[in-house]
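Quick notes on the structure that follows.
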Amino acid sequence: PTPPYLKWAESLHSLLDDQEGIQLFRNFLCQEGCADLLDFWFACSGFRKTSQDKRSKLAKAIYRKYIVDGTGIVSRQIKPATKSFIRDCVVRPHPDPAMFEQAQTEIQTTMEENTYPLFLKSDLYLEYT
Amino acid sequence: IDSEDDLLLECISSAMPKRK
C-alpha cells in the first residue's frame, strides 16, 4: 500500500484527509505564521455541520476571530465582496450553513497555490519522508 | 469570549478526520 506521506503529495485534499498529515502541515504553517488559514478552513467545514442552536454564536466567533480584523492572514486572502456577504449573514438570527463556503474556497485556493506546494518542498516534509 | 473560543475549537476539531 502507498505510505500516507506519499498520498499527501497527491493533493491538498489527500493531505487534509489524514490526521498526521494535518498535524505536520499545521506545524509547517505555524513556522510560516499562517496556521490560521488551516484552522479557518476546518472551522468552515465544522460550521456546516453545527446544529442550528449554536450556529449564530459560532458564526460570530468565526467572524471575530478571522475576518473582522483586516490585517489577519485569513482576512487578507478573502475578497472584499465575500467579506461583506459574511458580515450581512452574521447579523441574521438564523445564519445559512453555507455562509462561509465562498470564503473557504478562497482560502483553499490560497493554500493550493502557495502554502501547500511550499510544504511539499519544505525540510519538515522531506525529513518526515 | 472564552466560551466563544471553546465553541470555535470544538467546531474545528469536529471537522477533522478521526484517527484510522
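To find a chain, count down the sequence lines: A is the first, B the second, and so on, and within it residues start at 1.
- Y63(A) and V91(A) fall into different hydrophobic clusters, where Ile, Leu, Val, Met, Phe, Trp and Tyr side chains are chained together by heavy-atom contacts under 4.5 Å.
- Other residues, nucleotides and ligands place no more than 12 heavy atoms under 6.0 Å from the NZ atom of K7(A).
- Expressed to the nearest 0.5 Å, how far NZ of K57(A) lies from SG of C11(B) amounts to 13.0 Å.
- Here the closest non-hydrogen pair linking L8(B) and A43(A) is CD1-CB, 4.4 Å.
- Cluster annotation: W41(A) and L9(B) are assigned to distinct hydrophobic clusters (Ile/Leu/Val/Met/Phe/Trp/Tyr, side-chain heavy-atom contacts under 4.5 Å, transitive).
- Contact detail for A15(B) and S45(A): the closest heavy-atom pair is CB-CB, 3.7 Å.
- Interface remark: I22(A) contributes side-chain atoms only to the contact with chain B (heavy atom separation under 4.5 Å).
- For the pair K65(A) and E4(B), the salt-bridge criterion is not met [side-chain N within less than 4.0 Å of a carboxylate O].
- A pairwise comparison of heavy atoms in F42(A) and P17(B) identifies CE2-CD, 4.4 Å as the closest pair.
- Between the side chain of K49(A) and the backbone N or O of S14(B) there is at least one donor-acceptor pair closer than 3.5 Å.
- Atom CE of M16(B) and atom CD of Q23(A) lie 9.0 Å apart (nearest 0.5 Å).
- For the atom pair I62(A) CD1 and I12(B) CD1, the distance stands at 8.0 Å (nearest 0.5 Å).
- When heavy atoms are compared at a cutoff of 4.5 Å, L16(A) approaches chain B solely by way of its backbone atoms N, CA, C and O.
- Note: the hydrophobic cluster containing Y128(A) also contains L38(A) (ILVMFWY, side chain heavy atoms under 4.5 Å, direct or indirect links).
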